[in-house]
**Student:** 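Below you will find the structure I want to go over with you.
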2 protein chains.
Amino acid sequence: MDNLETLLQQHFANLEPDLRAELLQEATVKDLPEGEMVIRTGQYLKSSVLLLEGLLKVSRQDQEDHEFLMYFLEPGQACALSMLCAARQEQSEISAQAVSAARVLLVPMHVAERWLTKYPSWHTFVIGTYRERFEELLQTLDAVAFRSLDERLLFYLRKNQQVKGNQLRISHQQIAGELNSSREVISRLLKKLEQRGVLTLHRNFIELHQVG
Amino acid sequence: MDNLETLLQQHFANLEPDLRAELLQEATVKDLPEGEMVIRTGQYLKSSVLLLEGLLKVSRQDQEDHEFLMYFLEPGQACALSMLCAARQEQSEISAQAVSAARVLLVPMHVAERWLTKYPSWHTFVIGTYRERFEELLQTLDAVAFRSLDERLLFYLRKNQQVKGNQLRISHQQIAGELNSSREVISRLLKKLEQRGVLTLHRNFIELHQVG
DNA sequence: CCATCACAGTGACAAAAGTCACAGAACTGT
DNA sequence: ACAGTTCTGTGACTTTTGTCACTGTGATGG
């Protein structure tokens with residue numbers, strides 16, 4: 001597929017050409033409609049996930065109904081958690097969902113491992129992925145540990161803004177879920193933020209104003 | 001130093017002999033008295049930290065006085081965060097403190113990078129370090145995000161128990177700091193735990209009972 | 001056009017955690 | 001032995017967050 005090669009070149013420019021070629025051979029391409037789950041909690045992964053197109057939302061879940069937004073993945077990035085689970089042959093404790101229609105590459109575990117020694121650029125990529133996600137995670141941890149819910153809400157909205165723009169099509173219920181809070185509380189806090197002029201509330205979407 | 005080689009063999013058995021030899025040449029050994037900070041927030045790191053002996057406490061801090069226990073490092077382990085900061089030439093946002101007298105190896109950044117391609121076992125070690133710490137961090141995140149303070153307190157105590165044994169020499173104030181709470185609250189919760197028979201309170205130390 | 005449904009707003013109350021004030025107990029050095 | 005310090009316990013209060021109950025409102029589909 002011509003299109004595929006272009007995407008690879010565009011978003012994975014740092015990988016050496018040989019590796020890109022082998023990626024096309026060894027990896028499975030998968031197209032995901034909006035809303036589809038790529039990874040589910042409790043699943044055993046046997047592949048690493050690389051994102052070619054679209055937007056993925058990676059979140060943490062526990063036994064009960066709690067879920068929790070960790071970070072977004074954009075094209076050219078890989079899911080560190082998927083590598084981690086795959087490598088350990090353990091159950092996934094996270095889930096990934098396509099926020100918008102997405103196209104991913106699935107690299108089988110054993111291939112990914114082989115490449116680590118074969119291609120320096122792959123190795124760098126993997127290490128880089130861990131590093132980036134580690135930092136994201138630290139930020140999230142900070143927010144949860146040190147900030148109160150209203151600050152975290154703002155943090156959450158900004159994070160969404162970065163990848164989705166100013167118009168967020170999302171319900172209060174969903175937000176509550178991803179911040180592990182309850183709808184009523186989120187409603188109240190959003191109202192406050194509206195009064196402060198940070199955003200405007202509409203039915204089923206929130207309009208963020210530019211930062212002053 | 002003979003002792004040093006023994007320690008290396010003992011705790012870093014998975015590293016190939018050549019690498020262990022080179023470690024002795026290239027890395028700086030540093031002895032830390034109890035309580036000493038190895039890494040401070042805001043510092044620029046130029047080395048990765050490997051632990052040979054003793055116990056290190058790695059915590060996160062923010063601008064204000066908040067601090068936050070992330071995990072403990074035991075001999076044979078390396079600080080993933082130190083690798084991360086060093087590699088990025090960024091300011092450290094964490095701190096590491098010797099809980100008991102410790103001996104560490106400092107591997108200069110450029111050497112560590114060179115080894116990544118030179119020694120497969122080093123490469124495996126680094127990836128493994130990221131993975132382990134990633135998982136620890138996820139656990140911590142879970143605790144903070146989903147658990148209430150009394151559960152987190154228990155989680156914290158167990159974590160300490162694993163590395164320090166049943167007798168914890170620690171004040172309520174310190175605990176409060178590392179859980180980002182306040183002394184009074186911790187005192188009260190500890191009292192509850194004592195009533196439940198989980199532990200016994202003494203001045204400046206807490207005795208954990210065996211898990212039933 | 002109306003029944004249904006998801007979404008949003010709100011008041012009242014409960015629970016969890018943080019803050020303030022103070023007191024006593026145990027250690028420390030002189 | 002005594003003063004000073006650190007650690008701990010506790011009651012009263014506030015703030016933040018969660019829960020419950022109920023209302024309104026727009027969308028959608030027969």
Side-chain angles (χ1 to χ4, degrees), chain A residues 34-35 62 64-69 140-157 160 167-208, chain B residues 34-35 62 64-69 140-157 160 167-208:
Chain A
E34 182 176 331
D62 73 349
E64 289 107 85
D65 54 344
H66 304 127
E67 115 170 280
F68 194 90
L69 173 67
T140 305
L141 183 63
D142 271 5
V144 183
F146 298 135
R147 307 296 162 203
S148 57
L149 192 52
D150 56 348
E151 290 175 290
R152 285 172 52 208
L153 176 57
L154 210 49
F155 180 77
Y156 169 88
L157 292 172
N160 274 270
Q167 316 276 324
L168 304 183
R169 322 210 134 269
I170 193 168
S171 76
H172 299 186
Q173 189 63 258
Q174 280 176 271
I175 300 179
E178 306 199 348
L179 290 177
N180 196 42
S181 175
S182 70
R183 183 191 59 80
E184 296 93 317
V185 175
I186 299 297
S187 277
R188 273 198 280 267
L189 293 179
L190 282 172
K191 255 305 180 239
K192 272 198 216 167
L193 289 176
E194 188 176 36
Q195 279 158 19
R196 280 173 42 197
V198 180
L199 45 78
T200 312
L201 294 174
H202 306 268
R203 186 185 175 77
N204 226 345
F205 86 97
I206 295 170
E207 190 184 351
L208 286 166
Chain B
E34 183 176 330
D62 74 347
E64 289 109 84
D65 53 345
H66 304 127
E67 118 170 277
F68 196 90
L69 174 66
T140 305
L141 184 62
D142 272 5
V144 182
F146 299 135
R147 306 297 163 204
S148 57
L149 191 53
D150 55 349
E151 290 176 290
R152 285 171 52 207
L153 175 57
L154 210 49
F155 179 77
Y156 170 88
L157 292 173
N160 273 270
Q167 315 275 325
L168 304 183
R169 322 210 133 270
I170 193 167
S171 76
H172 300 184
Q173 189 63 260
Q174 281 175 271
I175 301 179
E178 305 199 350
L179 290 176
N180 197 41
S181 173
S182 69
R183 185 194 56 83
E184 296 93 319
V185 175
I186 298 298
S187 276
R188 273 198 276 266
L189 294 178
L190 281 173
K191 252 314 179 227
K192 273 198 215 166
L193 289 176
E194 187 177 37
Q195 280 159 18
R196 278 174 45 197
V198 180
L199 45 77
T200 312
L201 294 174
H202 305 268
R203 186 187 174 77
N204 227 343
F205 88 97
I206 295 169
E207 190 184 350
L208 287 167

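Just so we're on the same page: letters track the sequence lines, and every chain starts at 1.
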**Student:** Give the nucleotide from the list C/dA6, C/dA12, C/dC27 with an atom nearest to the side chain of B/Arg203.
**Tutor:**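 Within the option list, the nearest is C/dC27.
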**Student:** Please name the pair of heavy atoms, one in B/Phe146 and one in A/Glu67, separated by the smallest distance, quoted to 0.1 Å.
**Tutor:**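 The answer is CE2-O, 3.9 Å.
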**Student:** Check B/Leu154 against B/Arg196 and note the closest heavy-atom contact, atom names and distance.
**Tutor:**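 So the minimum-distance heavy-atom pair works out to CD2-NH2, 4.5 Å.
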**Student:** Measure the distance from NZ on B/Lys191 to C1' on C/dG24 and round it to the nearest whole Å.
**Tutor:**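 Result: 13 Å.
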**Student:** Could you give the CG-to-C1' distance, from B/Asn204 to C/dA25, as a whole number of Å?
**Tutor:**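 My rounded result for the distance is 13 Å.
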**Student:** In this structure, how many angstroms lie between the P atom of C/dC5 and the CD atom of A/Gln173, rounded?
**Tutor:**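 Distance, rounded to whole Å: 17 Å.
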**Student:** From NE2 of B/His172 over to P of C/dA17, roughly how many Å is that when rounded to an integer?
**Tutor:**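 About 17 Å, once rounded to whole Å.
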**Student:** To the nearest Å, give me how far apart CG (A/Leu168) and P (C/dA8) are.
**Tutor:**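 Computing the A/Leu168:CG to C/dA8:P distance gives 12 Å.
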**Student:** Take the protein atom CZ of A/Phe205 and the nucleotide atom C1' of C/dA6, then report the distance between them rounded to whole Å.
**Tutor:**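 For the pair A/Phe205 CZ and C/dA6 C1', the rounded distance is 17 Å.
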**Student:** Near DNA chain C, under 4.0 Å by heavy atom, which residues of residues 174-186 of chain B?
**Tutor:**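 Under 4.0 Å from DNA chain C: B/Asn180, B/Ser181, B/Ser182, B/Glu184, B/Val185.
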**Student:** Please find the pair of heavy atoms, one from B/Leu190 and one from B/Leu199, that lie closest to each other, and give the distance.
**Tutor:**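 Closest pair (atom of B/Leu190, atom of B/Leu199, distance): O-CD1, 3.8 Å.
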**Student:** Within a strict 4.5 Å, meaning less than it, do heavy atoms of the A/Arg183 and A/Ile186 side chains meet?
**Tutor:**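 Side-chain contact under 4.5 Å: no.
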**Student:** For A/Val198, run the side-chain contact (heavy atoms from CB on, under 4.5 Å) check against A/Leu193, A/Ile206, A/Leu157 and tell me which one passes.
**Tutor:**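 Among A/Leu193, A/Ile206, A/Leu157, the one meeting side-chain contact (heavy atoms from CB on, under 4.5 Å) with A/Val198 is A/Leu193.
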**Student:** With the side chain counted from C-beta on, respond yes when A/Ile170 and A/Phe205 share a heavy-atom pair under 4.5 Å apart, and no when they do not.
**Tutor:**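 Sidechains of A/Phe205 and A/Ile170: no contact.
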**Student:** Taking the side chain as every heavy atom from C-beta outward, state whether B/Leu179 and B/Phe68 have any pair of such atoms under 4.5 Å apart.
**Tutor:**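 SC-SC contact between B/Leu179 and B/Phe68 ruled out.
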**Student:** Closest approach of B/Asn180 and A/Ala145, non-hydrogen atoms and distance?
**Tutor:**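 In terms of heavy atoms, the two residues are closest at ND2-O, 2.9 Å.
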**Student:** Are the side chains of A/Arg169 and A/Asn204 in touch, meaning some heavy atoms are under 4.5 Å apart?
**Tutor:**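 No, too far: nothing below the 4.5 Å cut-off.
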**Student:** Nearest whole Å is fine: how far is C/dG9 C1' from A/Leu190 CG?
**Tutor:**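 Whole-Å distance recorded here is 12 Å.
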**Student:** Can you give me the closest heavy-atom contact between B/Glu194 and B/Leu201, atom names plus distance?
**Tutor:**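 In terms of heavy atoms, the two residues are closest at OE2-N, 3.0 Å.
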**Student:** First and last nucleotide of DNA chain D touching chain A, 5' to 3', heavy-atom cut-off 4.0 Å?
**Tutor:**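 Footprint of chain A along DNA chain D, 5' to 3': D/dT17 to D/dG26.
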**Student:** So, does A/Gln174 use its side chain to make a donor-acceptor pair with the main chain of A/Ser171 at under 3.5 Å?
**Tutor:**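 The answer is yes, because a donor-acceptor pair under 3.5 Å joins these two groups.
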**Student:** What bend angle does the helix from C/dC1-D/dG30 to C/dT30-D/dA1 show across its length, from five-pair end axes and to the nearest 10 degrees?
**Tutor:**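 Computed from the C1' atoms at both ends, the axes differ by 30°.
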**Student:** Rounded to the nearest angstrom, tell me the gap between atom CZ in B/Arg188 and atom P in C/dC20.
**Tutor:**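 Atom CZ in B/Arg188 sits about 13 Å away from atom P in C/dC20.
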